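Counting starts at 1 for both ligands and their atoms, in listed order. For clarity, every value in this text was computed on a predicted model and none was experimentally measured.
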Amino acid sequence: MRVNALQKQRFQIQNKGLLFNKELSKIEVDSKRKKFSALGNRRWTRDLLLSTWYQSQHAKPPPVSSSLEYKVGESNGGFDNWRFNFENNTEESVWDDYNITRDLSITLNKKIKIDMPTYGGGMSYGSVSLSVMLARALSSKLANSYTSTGEGGYPIELEMYKNHVITQVATGLFGVNEKTLQNTPIIELKYAQGAKPGLGGHLLGDKNTVSVSNMRESVQSVSLFSPFPFHSVYSVEDHKSHVEWLKTINPKALISVKVATPHDIEMVAIGAYYAGADIIHIDGAYGGTGAAPEIAKKNIAMPLEYAIPIVHEYLTKEGVRDEITLIASGGVRTAYDVSKSIAIGADGVVRGSSELIPLGCTQCGNCESGRGCQVGIATTDEYLSQIIDPNWGSERISNLDQSWKLQYDYILSRLNLKNFKELRGNYEVLQNVGKKNE
Ligand code: SF4
């Protein structure tokens, strides 16, 4: 059979991606720093990308001798300017013989315990490939945690991991049906995303392939739009009806309500509580993939560093703090970011990009394009999708999980705390060290 020019081009891209992923597998940071000198940005710096790849391979943080910065970026604000009090001391390279002795679990609304303080955020079939969804689901199962379908439907291949898969219901209602709602321990009602509040979701026609359109019950190659907001919800009472609708379909599932972080986020949070939600998931600025417009990511929603304490304190003042779980997402990159989020009042964190970096994401920002992801993550192209092997991907995310667990235990031990419950809302353990260049 003759291979036409397009197929040739696809194979070349695919091979490049495979080679890149192979390269990641044997990355030894010190000798590769120069080679990757053009990587990264102020939030996901070259050091953070390289150190995440290192952790995904070695299941521990990079050695101190590598001088790689694996805790903070260079945004000159928020988490990047904060340090735990113990960080003034010289850090030893302790990882080779490190034993985890603390309880690193969190409990979602007194009902579901997960073995680490994070779970995976929604990434739809369409925004990422099925291989990526499978890699994330398998690693969630291994970690006794969760991943979320996003709003593109529930591929049948995920069913074997159904106890670890959250079904998302968003405004487009793509692929949402009774079976997928009954198949899950947690239903995520997505009202907005912190990366693009008020803008809804878009899947460009290029990514709407045959299988994606079948899953979404739409027409192939047509751009799809999930409007903002739910046009059936304009009050707490409407929201309550929504929650009751989902509880009627699946009475056992926890209901998580995902919202962006407007200036009155505490009112949104308390409204979610009175509507019957089990989890309030606040999604701050700086999250999202490269498909979210930069201007929206950086300028609309409130950053988590502001939003978390506002919600935590308001729920405490109202006497309901322990009746609803506060989960945060939006630009959380490291184990230190997770721990800082909890120290300012969150119960746990949802991860997004930090689960894609282990798979080779370089934060290049081409996610909206059907064939623009050179490493086969944000694609639905049948050739590019093959670049990621789900078992390889799962292993790399699991290795990162293990490395983060070592760091959680280390942070808690240096603060003389037994668990994350003791860290929650414990502002005094943090200090602002100011801008790097001041
Ligand atoms: S490598 Fe680029 S296109 Fe692929 S997921 Fe990462 S940011 Fe998106």
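- Residue contacts to atom 2 (Fe) of ligand 1: Cys367 brings no N, O or S atom closer than 2.8 Å.
- Between Lys258 and Glu188, no side-chain nitrogen of the basic residue sits less than 4.0 Å from a carboxylate oxygen of the acidic one, so the salt-bridge criterion is not met.
- Lys111 is linked by a salt bridge (Lys or Arg N to Asp or Glu O under 4.0 Å) to Asp278, counting only residues two or more places apart in sequence or in another chain.
- Listed by atom number, the atoms of ligand 1 under 4.0 Å from Cys364 heavy atoms are 1 (S), 2 (Fe), 3 (S), 7 (S).
- Listed by number with element, the atoms of ligand 1 under 4.0 Å from a non-hydrogen atom of Cys361 are 1 (S), 5 (S), 6 (Fe), 7 (S).
- Ligand 1 lies out of reach of Leu356, whose nearest heavy atom is not under 4.0 Å from it.
- Counting backbone and side-chain atoms alike, Cys373 contributes an N/O/S atom closer than 2.8 Å to atom 4 (Fe) of ligand 1.
- In summary, Glu382 and Arg371 do not engage in a salt bridge, as defined by a charged side-chain N under 4.0 Å from a carboxylate O.
- Applying the side chain to side chain donor-acceptor pair (under 3.5 Å) test to Ser105 and every residue at least two apart in sequence or in another chain returns Asp103.
- With salt bridges taken as basic N to acidic carboxylate O contacts below 4.0 Å, none links Asp80 and Lys71.
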